Amino acid sequence: MELPAAITLHRFEDRQQCAEALADHIAGRLRQDLQLNGQAGLILSGGSTPVPMFKALSQQKLDWENVLVSLADDRWLPPEHADSNQGKVEQHLLRNEATKARWIPLWNPASQEDEALGRCREQLQQLPAQLSVVVLGMGNDGHTASLFPCSKELPRVWDSRQDCEWVQPTSAPWQRMTLTPQRLLASNERILHLTGADKLDTLSQALRNNQREEMPIRHFFSAGLRIFWAP
Ligand SMILES: O=C(O)[C@H](O)[C@@H](O)[C@H](O)[C@H](O)COP(=O)(O)O
């Protein structure tokens, strides 16, 4: 696969090896910023791919009390719901060493968009202006976070100067809150964590496609992306 200079691809034999290597890499980046700035900001994605990495990262010894952790997006569901990304992070990352992390979930009990947005944006003010690491996933439609090509809100979200926006994809369930492209790009490093041949095919398609509206992950290529992939 031909990759632009701004994209680095790390291939692994298996998913557990990939998860552990990614956890090590993230921990190293967090330690750097903790040393430099006294704090670090980590953004994680939901879905199924990152769970083994969450478990490995939870074991990493670092000054978690000064690491602010949040999500690139979440489905608008209480954390006890099986589809909640918040629930996955609380179950698999915020344990062991990482119990002490400063957790900033996106979800709140507001059901109306304006109130939900207002409370989430207030929460996200706690994050450092420049994040340390953003970990993204990708769907086979080229979506990342909850930037879905099918969302009618996408044209507005591309240019939003806010930290988060409320979106309703048509090709995936649940109302969602997503961090905006500008918030995600205000980071020292963006990582894309992928598993399976299908995701690699989708990545190849996105590299050939030239419309970010059709494959939102493309928006993150030029600013630099480190990809961790296993079959
Ligand atoms: O809330 C979400 O759905 C995620 O943030 C989303 O962007 C996810 O990263 C991809 O859909 C990949 O999901 P899988 O890891 O389950 O394939």
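First listed ligand is number 1; within each ligand, the first listed atom is number 1. The shown structure was predicted, so the numbers you read here are calculated from the model rather than taken from an experiment. Index from 1, following the sequence.
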Between [X] and ligand 1, find which residue part has any heavy-atom pair under 4.0 Å and reply side chain, backbone, both or neither.
| X | value |
| --- | --- |
| Asp74 | neither |
| Lys199 | side chain |
| Asp73 | side chain |
| Ala72 | neither |

Looking at [atom], what's its closest protein heavy atom, distance included?
| atom | value |
| --- | --- |
| atom 3 (O) of ligand 1 | Arg75 NH2, 2.8 Å |
| atom 10 (C) of ligand 1 | His143 NE2, 3.5 Å |
| atom 12 (C) of ligand 1 | Met138 O, 3.5 Å |
| atom 8 (C) of ligand 1 | Gly46 O, 4.0 Å |
| atom 13 (O) of ligand 1 | Gly47 CA, 3.9 Å |
| atom 16 (O) of ligand 1 | Ser48 N, 2.8 Å |

Where ligand 1 meets [X] - atom numbers and elements under 4.0 angstrom, heavy-atom basis:
| X | value |
| --- | --- |
| Gly137 | 9 (O) |
| Thr49 | 14 (P), 15 (O), 17 (O) |
| Arg176 | 1 (O), 2 (C), 3 (O) |

Once you round to the nearest 0.5 Å, how far does [atom1] of [X] lie from [atom2] of [Y]?
| X | Y | atom1 | atom2 | answer |
| --- | --- | --- | --- | --- |
| Gln86 | Ile104 | CD | CD1 | 12.0 Å |
| Glu20 | Leu57 | CD | CG | 12.0 Å |
| Trp76 | Glu113 | CH2 | CD | 10.5 Å |
| Thr49 | Leu192 | OG1 | CG | 9.5 Å |
| Lys100 | Asn66 | NZ | CG | 10.5 Å |

Min N/O separation [X] to ligand 1 under 3.5 Å:
| X | answer |
| --- | --- |
| Ala145 | yes |
| Asn85 | yes |
| Ser146 | no |
| Thr144 | no |

Is the closest side-chain heavy-atom distance between Val133 and Leu44 below 4.5 Å?
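No; the side chains remain at least 4.5 Å from each other.
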Run the side-chain contact (heavy atoms from CB on, under 4.5 Å) test on Gln125 and Asp163 for me, step by step, so that the C-alpha distance in whole Å, both residues' side-chain angles and the decisive distance to 0.1 Å come before the verdict.
CA-CA 8 Å; Gln125 288 297 310; Asp163 287 346; 3.7 Å; yes
Just checking His81 against Trp107, ring centres under 6.0 Å apart?
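Here the rings of Trp107 and His81 have centres that are no less than 6.0 Å from each other.
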Between His193 and Phe228, is the ring centre distance below 6.0 Å?
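No, the ring centres sit 6.0 Å or more apart.
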Using the six-membered ring wherever Trp is involved, compare the ring planes of Phe148 and His143 and label them parallel, tilted or perpendicular (cut-offs 30° and 60°).
parallel
Between Asp73 and Thr178, is there a side-chain donor-acceptor contact under 3.5 Å, judged purely by atom types and distance?
no
